[in-house]
Protein chains: 4
Amino acid sequence: MFKGAFSSIAQYSAPLRRFGASSVARIVVLAVGLSAMTVYTVPDLQRSAGIWLTACLWCCLAYFTVECAVRARGAFRTGETKKYALSPSGIVDLAGVFAVPIALVCGVMPNTAWLLASLWILKLAQNSPGFEQLGRVFVLEAKALASVLALFLIVLFLTSAAMYLIERDLQPASFGTLPAALWWAVVTLTTTGYGDEVPQSHLGHMLGAFVMICGIATFGLWTGILATGFAAESRRRNFIQTWDLVSKVPFFQSLDPSAITEITHMLRRLEVPERTAVIRRGKVGDCMYFIAAGEVQVDIKPTPIRLGAGAFFGEIALLLTDSVRTANVTTTMPSSLLILDLADFRTLTAHHPDLKRAIDLEGQRRMAENTGVRDLQRLGSAAPS
Amino acid sequence: MFKGAFSSIAQYSAPLRRFGASSVARIVVLAVGLSAMTVYTVPDLQRSAGIWLTACLWCCLAYFTVECAVRARGAFRTGETKKYALSPSGIVDLAGVFAVPIALVCGVMPNTAWLLASLWILKLAQNSPGFEQLGRVFVLEAKALASVLALFLIVLFLTSAAMYLIERDLQPASFGTLPAALWWAVVTLTTTGYGDEVPQSHLGHMLGAFVMICGIATFGLWTGILATGFAAESRRRNFIQTWDLVSKVPFFQSLDPSAITEITHMLRRLEVPERTAVIRRGKVGDCMYFIAAGEVQVDIKPTPIRLGAGAFFGEIALLLTDSVRTANVTTTMPSSLLILDLADFRTLTAHHPDLKRAIDLEGQRRMAENTGVRDLQRLGSAAPS
Amino acid sequence: MFKGAFSSIAQYSAPLRRFGASSVARIVVLAVGLSAMTVYTVPDLQRSAGIWLTACLWCCLAYFTVECAVRARGAFRTGETKKYALSPSGIVDLAGVFAVPIALVCGVMPNTAWLLASLWILKLAQNSPGFEQLGRVFVLEAKALASVLALFLIVLFLTSAAMYLIERDLQPASFGTLPAALWWAVVTLTTTGYGDEVPQSHLGHMLGAFVMICGIATFGLWTGILATGFAAESRRRNFIQTWDLVSKVPFFQSLDPSAITEITHMLRRLEVPERTAVIRRGKVGDCMYFIAAGEVQVDIKPTPIRLGAGAFFGEIALLLTDSVRTANVTTTMPSSLLILDLADFRTLTAHHPDLKRAIDLEGQRRMAENTGVRDLQRLGSAAPS
Amino acid sequence: MFKGAFSSIAQYSAPLRRFGASSVARIVVLAVGLSAMTVYTVPDLQRSAGIWLTACLWCCLAYFTVECAVRARGAFRTGETKKYALSPSGIVDLAGVFAVPIALVCGVMPNTAWLLASLWILKLAQNSPGFEQLGRVFVLEAKALASVLALFLIVLFLTSAAMYLIERDLQPASFGTLPAALWWAVVTLTTTGYGDEVPQSHLGHMLGAFVMICGIATFGLWTGILATGFAAESRRRNFIQTWDLVSKVPFFQSLDPSAITEITHMLRRLEVPERTAVIRRGKVGDCMYFIAAGEVQVDIKPTPIRLGAGAFFGEIALLLTDSVRTANVTTTMPSSLLILDLADFRTLTAHHPDLKRAIDLEGQRRMAENTGVRDLQRLGSAAPS
């Protein structure tokens, strides 16, 4: 589950590599810093290990300062200093660096000042494509979500006013003011239910039951809207990103435009680091791969062969009846692959018989070569010429 | 997230503009009024700032009275006074104006009478298209939702009767009557869980676990139904609204009916206020725009050009390989735009080569003109003649 | 929201009509009976109003006995007595009638015996088509839901064992046994959170946070599966029910099979009671109607006309540019209508120009007649001959 | 709901059959073992029934040891001992067998050592295809889910730091340290709401309300993502599994590839045990069946006939107007059936008239034979030759 987050950070930290700081180090520093900050607020531990914790915090701050400096220098070189300083990423960097020192200089007590280190958590959101996607869903469905929020507020105000009327004489401590009744309504409508304020009269119980059921209904609407919006956005985003990669595979260039559009809707992208197994011999295969960028090595005996951008592999298992992978395939460099699932492979080849013929020919040639073991290097140019 | 709500209110308040009251003012008055009403119920603050709060509340009431009067006059002029008074919007207006004064006249204590000001929150729902949409979803899925509600009631009654039997002797205070057991069941089935009534026997724990799991299942069904209904309604509504705008774009008139239907399913609507940037130079572009109503200004040097209803823009980035926007585009008046995403642009032009040819021609002509800088005003009639 | 439930009960109670008992009466009796049973468990009210409550309960029981007898007689006449007695509906009827008397005869205290009246709530589920639909969703997605349940059980057992180890010495009263820890885990994993058992150590807090996040994830999976299943089932059910009605509309018979299939996917069914307004003059129209069964009256001057099964109406608003309804349309008997939304109307007529031509012709003829006011009765045979 | 889990276990335990251990026995042993382990931690019961509980636990352990030994022997014979020992299934088996004895040998107290028996619950996940499917959904949507998790962490840290600042002086016991505030934030953000720590200041209430609403929003996003991912995965998986079965039905072999792809998207699989009724005479039928593997018996008089792999049945109800099943159909051995729903049957036959003709012919021939009662055995070769 963390894989996505890690990879997105990895991708973004590319310019930091020169400095020797990998993305894993960044996550570790972030975790250490936030843990130290958290522990620092416990009086006992602050007394016994305060010096070490402070040292740890200063080290993390130093790390983020260096990181920020590297980026600022990069921005300065391209003349975009101001743009960097005003970008969300730049603001997060600068806040992470300057918030704590400024607070300390202003005379804030250390254990309060270091709380500002919690701003470091915002680094999780920096340049993450996932956040953009979530943001787009909220924008797309803004009208519907605003209606649900308005519904939420209407139920909140009306029921808390009613509950205040019902319970204020019975429980002056809990429901004696409207703000207290509003607090109860929020806690109930979100189905959180602390239990610090609970209606006691029968009328109050009935109103409470109504609020809880409204809460579930509101929640259901909210989720339904987000699910609808996310499905649409997901489809849209996938197409755009896949389109870029499809244009790099010569094999697809020979197809007519409507076939390209169709295949783009079917392919999924996969970014693979170097030296990673993509296919394992003997496993059941249910997809084939196109290489948009990078290189893979197919471990067939006696000499493994290498396939570069534009080639495809994994189609043999789809053509065989037992669907078993016949060789290990490993990346030799970070690669962008396009995955075509079995279901889509069948649909596509049914619609475009010439595409199936091309893949079949290539597959048969390879199987023949696997047996004859010669001219293996030719497979590197597997795309139909 | 509030943007949608704001814009819908803005749209609806158009007739109020003459009176000088903007929609932002309306929201502010609503927020101030409700806050004052809320604070007014806190005894300490009522004593210390009661006069100011009352004054504030009377001001808000005056504002809503004026608003209601303006609308009533408008309705009177068109002879629809009765229709207005009986419409949901009219009832909300009238209740907001008369509820509090009538209560005060009837001798209700002020701090109770002003609670009726919570009816003002209903103004959030006035004329909001989002509420209609939510209402339609509930109507469409009425049968399924009623089944879930019936399931909810069945589980509620049977489990509370069982729990009453199990725990009534053990905890007479909490489970001594069936209404008390029903309250527990509602609190548990909605996963609110106040904790004021908790089963203590082993049998009670098992039954409680069953109720909680039923609660999650019911909830999941409810959400699933609403998500399905919302997706269908969203698709339907989008088509109808887009169809109206598509009929205003001459560019589409030359297409055959099935292509118009296809493109209508793909376009998204966007209402843009005046002087708003639609496209920023240098950003990566993933969509093109058609102008259904209004006007935009394209900032190309030396003289910016203006495009009116029926024209399109933003297609150059889709035709270029690097997809970078070549100019800023800003609205000069409130405009209705139709957005065609990259994914749909590709699909559409694959299916309709003549459409692609027309856009290509126009794009090439514009790029040539950008270089030659002459006859720029001609772009205003960008729709294919 | 209750409309669906009401109508389904109405439909099912048709044979009871002879007895003079309408479905509304049935719901009222059910509500009164369950309320009386609930109130009867409150000691104070039992003392003060016990006789009236008992009388009320006996009346409800008598009503349900009569209902059961009517049904049993109906089943006896068709020789299906045994089938009725073993059907879910029959079991619910019999349990509702005999449970309480048998308990009383066996010497159970009245206030306990009457608790069995809570079985009456099961009558809500009798013959409801919605329940069948929900059941099918559960069957369809059984494998996936079972996996989520297994996941739930795995998390439950492992985390409660771990929490028992962590907290048993710290809080022997709350976490001193594994059953107690299991109770905590259920309460937490379903995000109910009573607060009667709360971990106190730091390790316990971390494990608790993990359980809560697992709870949300499980819940999300569960909802996602049900939403997917419900969407599929909803589509399937809609097609089957619509198909039956489509076969009754002669207008569609002239279409080729693939067009019939296409239109069946687009139509929605609507059951309308008699004397109900379907279309109101002056409203904006976004759909047209086909009559599968029943009859409607179109209020045009000077003489209203009637349209029977097989005719269509409401298409004029779709053909006009302002989309305004030109006449009131009311049912004269309970009718089954098929609704074709504007979006689907456009799509359909784009794909089938001859269908559009037929509707256009009919529409023009009607508009001409509306003006000329003659031969109005001919509209009754609006289906293309 | 458990049916899916049971059948998947049944399928997987096939090699155990020789040993006489059915899958039901396995579930019973698991339930008994876990119950005994749970009860064993209650001091009273441990004292009074400790010996019996221990005996019971040892028996369950013996059962799982034998099971593990059978599998290990099977793996040893095929030379895959190491592969088995390192597979998730093998690790679960070995942990279940060795964890408790090793703990006991190491001197851990029995009532603590037996807690390790909770690892047995992992056997629910062994070889279950549902778990793979859920896992794939998580991998597919990893990026989006990671973003939601990051959003969750960001809100968690920032709000708990703020709440710590607001409430630390007011409630030092509850909010005196940042870890305590973090615990509050987790409990609130997941809408669990224990109520052990509740903000008391007005500012704290406002922040708390914000956290709860964020919790619901996060939850909605999470559910929406999982629903989207699950729908996609479900479609994909269904296609692959159905494709395998379709290739075994000769009736489909005569179709062209695009029709096969289309029909594969429509069919649903159904695994039926032997001697199970598939169709009951007199019920309304809304689907037809193809036999991919196994055999069914059609109970028509005077001699029931048998249909083997490749035949189809149930199509008569779809061709008749009243849709009533004309005969009972029962499996004679475990069979794999493919279900074609009425909706899809109509769509398919509309697109492929020759397919409809073939089914019609077969149906008419059978109905004629049902009347004439001769050559019934020929139906066994119902697939079109």
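Here is the naming used below: chain letters follow the sequence lines, and residue numbers restart at 1 for every chain.
Both the backbone and the side chain of D:L119 come within contact range of chain C, each with at least one heavy atom under 4.5 Å from a heavy atom of that chain. When heavy atoms are compared at a cutoff of 4.5 Å, C:T177 approaches chain D by way of both its backbone and its side chain. If you measure heavy-atom distances from D:V39 to chain C, you find no contacts under 4.5 Å at all. With a 4.5 Å cut-off on non-hydrogen atoms, D:F152 touches chain C through its side chain but not through its backbone. Looking at C:E197, only its backbone comes within 4.5 Å of chain D, counting heavy atoms on both sides. For C:L151, the parts lying under 4.5 angstrom from a heavy atom of chain D are both the backbone and the side chain.
C:E167 and C:S201 share a side-chain donor-acceptor pair at under 3.5 Å. In the model, D:D196 has a side-chain atom that pairs as donor or acceptor with a side-chain atom of D:W183 under 3.5 Å. Side chains of C:T192 and C:T190: a donor on one and an acceptor on the other come within 3.5 Å. A side-chain N or O of D:T188 and one of D:W184 form a donor-acceptor pair less than 3.5 Å apart.
Ranked by heavy-atom pairs under 4.5 Å with chain C, the first of D:L34, D:L122, D:I225 is D:L34. Interface check for chain D: of the options C:R168, C:H202, C:M212, the most heavy-atom pairs under 4.5 Å are formed by C:M212. Interface check for chain D: of the options C:G229, C:P179, C:G215, C:P199, the most heavy-atom pairs under 4.5 Å are formed by C:P179. Between chain D and the options C:A232, C:A161, C:A217, the largest number of non-hydrogen pairs under 4.5 Å is found for C:A217.
In this structure, C:F76 has its ring center no closer than 6.0 Å to that of C:Y84.
One N or O on the side chain of D:S160 and one on the backbone of D:L156 form a donor-acceptor pair closer than 3.5 Å.
Here CE of C:M206 is found 10.0 Å from CD1 of C:I166. Values are rounded to the nearest 0.5 Å.
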